[in-house]
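Written out below as structure tokens is the structure these notes cover.
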Amino acid sequence: MVSMDCGRDATGVARVVVRGDSPDGPGRRIGCIDSSVVAVLRAAPTPLITTHRIPVPPEPADAAEPLQRVATTDAEAANASVPLTACLTVSHTRNWLALTAFSGTTPLVLRAPVAGVRVGSLSTRHSPELEGIAGVSAASVSLADELILVTSSVRGAGSRPETPCH
């Protein structure tokens, strides 16, 4: 179940906008593509985002029937699992979104272009190289619409930040 209140006409009262079980797994994170479409990072075996059109109140969208399923096109990331600490960040301009996570022993940063309500494939294209980085602790977007990552350096074999991404 996803509940939110967003947009210019927000009333301050949250409502359920996506309801039910998804065959793609439960939702872990959510981002607003615009005032009528949300992206949900799913707890799937590989990185996967579903998008859902928000219906007119009071009706919710069905989680099992997404507008789109967005998978990764990156071969290395296709084998990565997305932990509970993963982040989903949508740019202020709504032109891209980013998934950041710590998978196995490697930080993972995947980006996808957004055109209207359509989201392109997740890939490492336009993502920073993170050699020597132990993990991504947080992700945000600058006023110039750039992806900002808070990272930690390698402290030793097998070490990584335990703080979930916010």
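All values reported here derive from a predicted model rather than from experimental measurement. Throughout, numbering of the chain's residues begins at 1 and tracks the sequence.
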### Message
Is there a side-chain contact (heavy atoms from CB on, under 4.5 Å) between Arg111 and Leu147? Walk through the geometry before answering.
### Response
CA-CA 10 Å; Arg111 291 177 64 145; Leu147 177 63; 3.7 Å; yes

Non-hydrogen atoms of [X] and [Y] that approach each other most closely:
X	Y	answer
Gly20	Ala63	O-CB, 3.4 Å
Ala64	Pro23	CA-CD, 3.8 Å
Leu99	Pro47	CD2-CB, 4.2 Å

#### Entry: N/O donor-acceptor pair under 3.5 Å between Arg94 side chain and Ile33 backbone
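Judged by distance alone, yes, a pair lies under 3.5 Å.
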
Return a table of donor-acceptor pairs under 3.5 angstrom between the side chains of residues 50-60 and protein atoms on other chains or two or more places apart.
residue: Thr50; atom: OG1; partner: Arg42; partner atom: NE; Å: 3.0
residue: Thr50; atom: OG1; partner: Arg42; partner atom: NH2; Å: 3.4
residue: Thr50; atom: OG1; partner: His52; partner atom: NE2; Å: 2.9
residue: Thr51; atom: OG1; partner: Gln68; partner atom: N; Å: 3.2
residue: His52; atom: NE2; partner: Arg42; partner atom: NH2; Å: 3.2

### Residue list, side chain to side chain contact (heavy atoms under 4.5 Å, CB included) with Pro128, at least two apart or on another chain
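By the side chain to side chain contact (heavy atoms under 4.5 Å, CB included) rule, Pro128 matches Val109, Leu130, Leu149.
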
### Task
List the steps and the verdict of side-chain contact (heavy atoms from CB on, under 4.5 Å) for Asn95 and Val114.
CA-CA 5 Å; Asn95 290 333; Val114 177; 5.7 Å; no

### Query
Does CG belonging to Asp21 count more than 12 external heavy atoms closer than 6.0 Å?
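No - once you tally the heavy atoms of other residues, nucleotides and ligands closer than 6.0 Å, there are 12 at most.
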
### Message
Working note: Val119 + Ile49, criterion side-chain contact (heavy atoms from CB on, under 4.5 Å); need CA distance, chi angles, decisive distance, verdict.
### Response
CA-CA 9 Å; Val119 177; Ile49 292 172; 5.7 Å; no

Say you draw a straight line from [atom1] of [X] to [atom2] of [Y]; how long is it, rounded to the nearest 0.5 Å?
X	Y	atom1	atom2	answer
Leu41	Ile30	CG	CD1	11.0 Å
Ser22	Leu48	OG	CG	7.5 Å
Ser142	Ile148	OG	CD1	4.5 Å

### Query
Side-chain donor-acceptor pair under 3.5 Å between Ser121 and Ser123, yes or no?
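Ser121 vs Ser123: no donor-acceptor pair found between side chains.
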
### Query
Of all residues at least two apart in sequence or in a different chain, which pass the salt bridge (Lys or Arg N to Asp or Glu O under 4.0 Å) check with Arg69?
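Expected list: Asp24.
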
### Task
Following the transitive rule for hydrophobic clusters with a side-chain heavy-atom cut-off under 4.5 Å over Ile, Leu, Val, Met, Phe, Trp and Tyr, establish whether Val90 and Leu67 coincide in one cluster.
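Linked within one cluster.
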
#### Entry: Flag side-chain contact, heavy atom, 4.5 Å: Asp145 against Trp96
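They are in side-chain contact.
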
### Query
Does any non-hydrogen side-chain atom of Thr100 lie less than 4.5 Å from one of Leu108?
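With C-beta onward as the side chain, the pair stays apart.
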
